[in-house]
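On a predicted model such as this, the values are computed, not experimentally measured, just so you know.
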Amino acid sequence: MKYISTVVIVLALMGLGAIIYAWSGAYNIAATEPHWDMTASFIELLRDRSIAVHSSDIQAPNLDDPKLKEVGVLHYHEMCRLCHGAPGYRREEFAEGLYPSPPSMTSGSLQSELGKAEIYWIVRHGVKLTGMPAFGPTHTEEQLWGLVAFVEDVPRTAPEQYRQMVMKEGGMGPGHGHGETSEEETQVHGHSEPSDHGKAEEQRQ
């Protein structure tokens, strides 16, 4: 009984200490100040295990269907490209200041680490405190799986091929319905500016 009382008291003191520390404002919550290594490791473990467990019963449809990828490309261009980049496109300037930094989709590292069900779960539900929104409330199942299908192909998509796919789906102007502007307006504000690599590709055509 004495042992249990001691544990309760210690836990209560630790909780009180945590509240006092938070109230003091001593912790630097700025995005320019990275987490302590121990904190970052714990958060990564929490994130990875949560995604793996909550997506374990999800069955992916046939993602090789070209029509499914066509559904995903325009949504990717209008939303995901801004933070994650795209073939021939840099990610937007604001994304450089996000912490944690959004993973690059063109490198293929995320696709090699996560399964299709895990990517779908992230796209559908988002991830707290990362800037990754939940698209489930605003998109259909076909659109969500279309995004997953296209994300799987991003590392293998050439810049010119990507631009042709987007243009084919009408993504270089208004009509998608996600608060887009025309191509001229977005280029003026830097929201559809291809990377230097993408420009070089255009010049070679």
- Which residue pairs pass the salt bridge (charged side-chain N to carboxylate O under 4.0 Å, His left out) test when at least one of the two sits in residues 93-112, sequence neighbours left out? R91-E96

- Task: Name all residues meeting the side-chain contact (heavy atoms from CB on, under 4.5 Å) criterion together with T106; count only those two or more places apart in sequence or in a different chain, and write none if there are none.
- Result: P87, S104, V154

- Taking ring-ring contact (aromatic ring centres under 6.0 Å, His included) as the test, write out the residues that go with H84, two or more places apart. none

- Query: Going by atom types alone, do H77 and Y89 pair a side-chain donor with an acceptor below 3.5 Å?
  - Reply: no

Donor-acceptor list for residues 3-13 side chains, cut-off 3.5 Å, not counting sequence neighbours:
unit_1 : atom_1 : unit_2 : atom_2 : d
S5     : OG     : M1     : O      : 3.1
T6     : OG1    : K2     : O      : 2.9

- Sorted by chain and number, sequence neighbours left out, side-chain contact (heavy atoms from CB on, under 4.5 Å) with A31 holds for Y99

- Partners meeting side-chain hydrogen bond (donor to acceptor under 3.5 Å, both in side chains) with R47 (sequence neighbours left out): none

- For D48 and E113, run side chain to side chain contact (heavy atoms under 4.5 Å, CB included): C-alpha distance rounded to whole Å, both residues' side-chain angles, the deciding distance at 0.1 Å, then the answer. CA-CA 10 Å; D48 294 346; E113 294 174 5; over 6 Å; no

- Sequence neighbours left out, what pairs pass salt bridge (charged side-chain N to carboxylate O under 4.0 Å, His left out) with at least one residue falling in residues 128-142? R124-E141

- Task: Sequence neighbours left out, what passes side-chain hydrogen bond (donor to acceptor under 3.5 Å, both in side chains) with S107? Give chain and number order.
- Result: S109

- Are more than 12 heavy atoms from other residues, nucleotides or ligands located less than 6.0 Å from atom CG of L45? yes

- Remaining members of hydrophobic cluster (4.5 Å side-chain criterion), F42: none

- If Ile, Leu, Val, Met, Phe, Trp and Tyr residues are connected whenever their side-chain heavy atoms lie under 4.5 Å apart, and connections chain through other members, are V71 and Y120 in the same group? no

- Item | Pairs flagged by salt bridge (charged side-chain N to carboxylate O under 4.0 Å, His left out) wherever residues 24-45 is involved - sequence neighbours left out | none

- Query: Any salt bridge between K168 and E70, counting N to O under 4.0 Å?
  - Reply: yes

- Query: NZ of K69: more than 12 outside heavy atoms within 6.0 angstrom?
  - Reply: yes

- Taking only residues at least two apart or on different chains, which pairs with a member in residues 18-30 satisfy side chain to side chain donor-acceptor pair (under 3.5 Å)? Y27-H35

- Message: Using side chain to side chain contact (heavy atoms under 4.5 Å, CB included), reason through L110 and I119 one step at a time and then give a plain yes or no.
- Response: CA-CA 9 Å; L110 182 135; I119 295 176; 4.1 Å; yes

- Query: Who pairs with P61 by side-chain contact (heavy atoms from CB on, under 4.5 Å), at least two apart in sequence or on another chain?
  - Reply: L63, W145

